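See structure below.
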Amino acid sequence: MPELPEVETTLRGIEPHIKGHQIKDVVIRNKSLRWPIPASLKKNLSGQMLNEIKRRGKYLLFSTANGTTILHLGMSGSLRIVESGTPAEKHDHVDIVFENNKTLRFRDPRRFGCVLWTAKPVEKHKLISVMGPEPLSDGFTAEYLYQKSRSRKCTVKSYIMDSKTVTGVGNIYASEALFSAGIMPTRQAGRVSKKRYQLLVQSIQQVLKLAIEQGGTTLKDFTREDGQPGYFKQSLKVYDRAGQDCIECGNTIKQKTLNQRSTYYCSHCQQ
DNA sequence: ATGCGGACCTGTTAGC
DNA sequence: TGCTAACAGGTCCGCA
């Protein structure tokens with residue numbers, strides 16, 4: 001479900017309700033996520049002040065004085081703010097209860113998400129330390145993308161979806177950015193020119209920023225923390241549009257599976 | 001080091 | 001209408 005814009009939308013939605021507030025309790029109804037939720041989470045968080053929430057790629061990092069809670073929404077996860085005491089529904093696996101009568105509630109039907117704990121500096125954590133630059137940061141440049149790709153034989157789509165290359169570019173926005181940049185998704189990463197990587201960097205940043213402004217993409221069931229859908233779907237130019245006309249040239253949008261993921265493109269506009 | 005396929009799950013939809 | 005198969009926005013891990 002969530003890509004970077006959806007995670008960012010979630011962060012902005014929940015932060016005002018819980019940042020700077022004290023955690024009263026943690027309720028774990030089902031610890032079987034991608035990795036087991038550590039039993040120590042309740043003990044570690046109870047009584048702590050939530051100092052800050054940050055996003056790194058698609059991970060949300062909740063910092064308290066004694067460590068960091070690392071949370072990923074996986075494919076189907078969502079976070080909502082509810083009034084404490086609101087009955088939990090199916091797939092509501094974790095509650096973080098605050099003293100201000102607000103509860104941060106984690107729902108995840110497929111349970112591909114995770115909730116982890118680290119007492120070390122979070123950037124040392126093995127999931128975080130290997131990540132590439134943020135796509136909206138200064139470290140994400142055409143020069144970087146180009147140099148790093150020179151010996152790579154994988155497709156350019158696979159390359160930009162690799163979190164070690166750049167974090168947070170998921171399946172929707174990879175297709176969208178490659179269309180915007182006029183690059184065929186199947187092209188070898190090592191065979192893309194610096195000039196075209198320049199276009200790609202701009203396209204990735206543009207599409208992510210626009211999606212964040214519009215509150216993320218709601219395809220099926222993504223809702224923001226307040227239950228409202230995101231509005232980026234109406235801006236999608238190729239994703240989920242197989243068989244329809246390309247909005248640039250009128251040719252038919254094609255779909256093919258690449259690295260086990262659905263990929264959408266226009267064979268006229270993209271080379 | 002890189003690339004690939006499998007793994008983890010449930011819910012929804014397409015097709016017969 | 002009902003059953004079954006395919007597919008879904010992620011990404012880590014192990015193996016070649």
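Because the structure is predicted, anything quoted here is derived from the model rather than measured. Chain naming here is simple, since letters A, B, ... match the order of the sequence lines and numbering starts at 1 in each.
- E143(A) meets the salt bridge (Lys or Arg N to Asp or Glu O under 4.0 Å) test with K194(A); sequence neighbours excluded.
- A 4.5 Å side-chain heavy-atom check between Y173(A) and P135(A) finds every atom pair outside the cut-off.
- Atom P of nucleotide dC8(B) and atom NZ of K31(A) are separated by 16 Å, given to the nearest angstrom.
- A salt bridge links R12(A) and E8(A); the closest N-O separation between the charged side-chain nitrogens and carboxylate oxygens is under 4.0 Å.
- Less than 6.0 angstrom separates the ring centroid of Y59(A) from the ring centroid of H72(A).
- The interatomic distance linking L4(A) (CG) with dG9(C) (P) rounds to 16 Å, in whole Å.
- Atoms CG and CD1, on L41(A) and I96(A) in that order, are 6.0 Å from each other to the nearest 0.5 Å.
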Practice problem: Evaluate the criterion side-chain hydrogen bond (donor to acceptor under 3.5 Å, both in side chains) for residue pair Q244(A) and T252(A); output intermediate values, then yes/no. | Solution: CA-CA 6 Å; Q244(A) 301 178 37; T252(A) 305; over 6 Å; no
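- Stem regions annotated for DNA chain B: B:2-8 with C:10-16, B:10-16 with C:2-8, counting only runs of 3 or more consecutive pairs of Watson-Crick or G-U type with both contacts under 3.5 Å.
- Nearest-nucleotide positions on DNA chain C place S262(A) closer to the 5' end than the other of S262(A) and H72(A).
- Atoms CG (D240(A)) and P (dA8(C)) sit 9 Å apart, rounded to a whole Å.
- Phosphate contact (OP1/OP2 of dG9(C), side-chain N/O of Y239(A), threshold under 4.0 Å): present.
- We find that OH of Y159(A) is positioned 16 Å from P of dA1(B), with the value rounded to whole Å.
- Per the geometry, CD belonging to E6(A) stands 7 Å off C1' belonging to dG9(C), to the nearest Å.
- Of the N and O atoms on the side chains of T103(A) and S84(A), at least one donor lies less than 3.5 Å from an acceptor on the other residue.
- Proximity note for R261(A) (side chain, C-beta onward) versus dG11(B), dA8(C), dG10(C): the nearest is dG10(C).
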Hey, what are the protein-to-nucleotides 3-5 of chain B N/O distances that come in under 3.5 Å?
from   : atom 1 : to      : atom 2 : distance (Å)
dG3(B) : OP1    : K153(A) : N      : 2.5
dG3(B) : OP1    : C154(A) : N      : 2.9
dG3(B) : OP2    : R152(A) : NE     : 2.5
dG3(B) : OP2    : R152(A) : NH2    : 2.6

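- The P atoms of dT4(C) and dC9(B) are separated by 22 Å, rounded to the nearest whole Å.
- Atom CD1 of I128(A) and atom P of dC12(C) are 9 Å apart (whole Å).
- No engagement by S32(A) is indicated, since no non-hydrogen atom pair under 4.0 Å with the nucleic acid exists.
- Contact of R110(A) with dC9(B) (side chain to base): a donor-acceptor pair of N or O atoms is detected under 3.5 Å.
- The listed nucleotides are dA8(C), dG10(C), dG9(C); the one nearest the side chain of M161(A) is dG10(C).
- Residue F112(A) and nucleotide dC8(B) are classified as a stacked aromatic pair, their ring centres being separated by less than 5.5 Å at an interplanar angle below 30°.
- Between the side chains of Q188(A) and T155(A), no donor N or O sits under 3.5 Å from an acceptor N or O.
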Enumerate the protein-to-nucleotides 13-16 of chain C contacts in which both atoms are nitrogen or oxygen and the separation is below 3.5 Å.
from    : atom 1 : to      : atom 2 : distance (Å)
dC13(C) : OP1    : K126(A) : NZ     : 3.0

Please output the side-chain donor-acceptor pairs of residues 44-53 of chain A that fall under 3.5 Å, not counting sequence neighbours, one pair per line with the distance.
from   : atom 1 : to     : atom 2 : distance (Å)
N44(A) : ND2    : S40(A) : O      : 3.1
N44(A) : ND2    : S40(A) : OG     : 3.3
S46(A) : OG     : K42(A) : O      : 2.7

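- For L258(A) and dA8(C), the CG to P distance is 13 Å, given to the nearest whole Å.
- Taking atom CG on L33(A) and atom C1' on dG10(C), their separation rounds to 14 Å, with Å as the unit.
- As rounded to the nearest Å, dG11(B) and dT1(C) have P atoms that lie 23 Å from one another.
- Taking side-chain N and O atoms only, T167(A) has no distance below 4.0 Å to OP1 or OP2 of dT11(C).
- Remark: of the listed residues K24(A), R105(A), K102(A), K24(A) is the sole one forming a side chain to side chain contact (heavy atoms under 4.5 Å, CB included) with V97(A).
- The shortest distance between side-chain heavy atoms of T167(A) and R56(A) falls below 4.5 Å.
- Side-chain contact of S267(A) with K254(A): a donor-acceptor pair under 3.5 Å is present, judged by distance alone.
- A 4.5 Å side-chain heavy-atom check between K58(A) and L73(A) finds every atom pair outside the cut-off.
- Rounded to whole Å, the separation between the C1' atoms of dT10(B) and dC13(C) comes to 22 Å.
- With hydrogens and angles ignored, the 3.5 Å screen pairs no side-chain donor or acceptor of N171(A) with any backbone N or O of T263(A).
- With 3.5 Å as the limit, one finds no donor-acceptor pair spanning the side chains of Q270(A) and Y265(A).
- Non-hydrogen atoms lying under 4.0 Å from DNA chain B are contributed by K90(A), H91(A), all within residues 87-94 of chain A.
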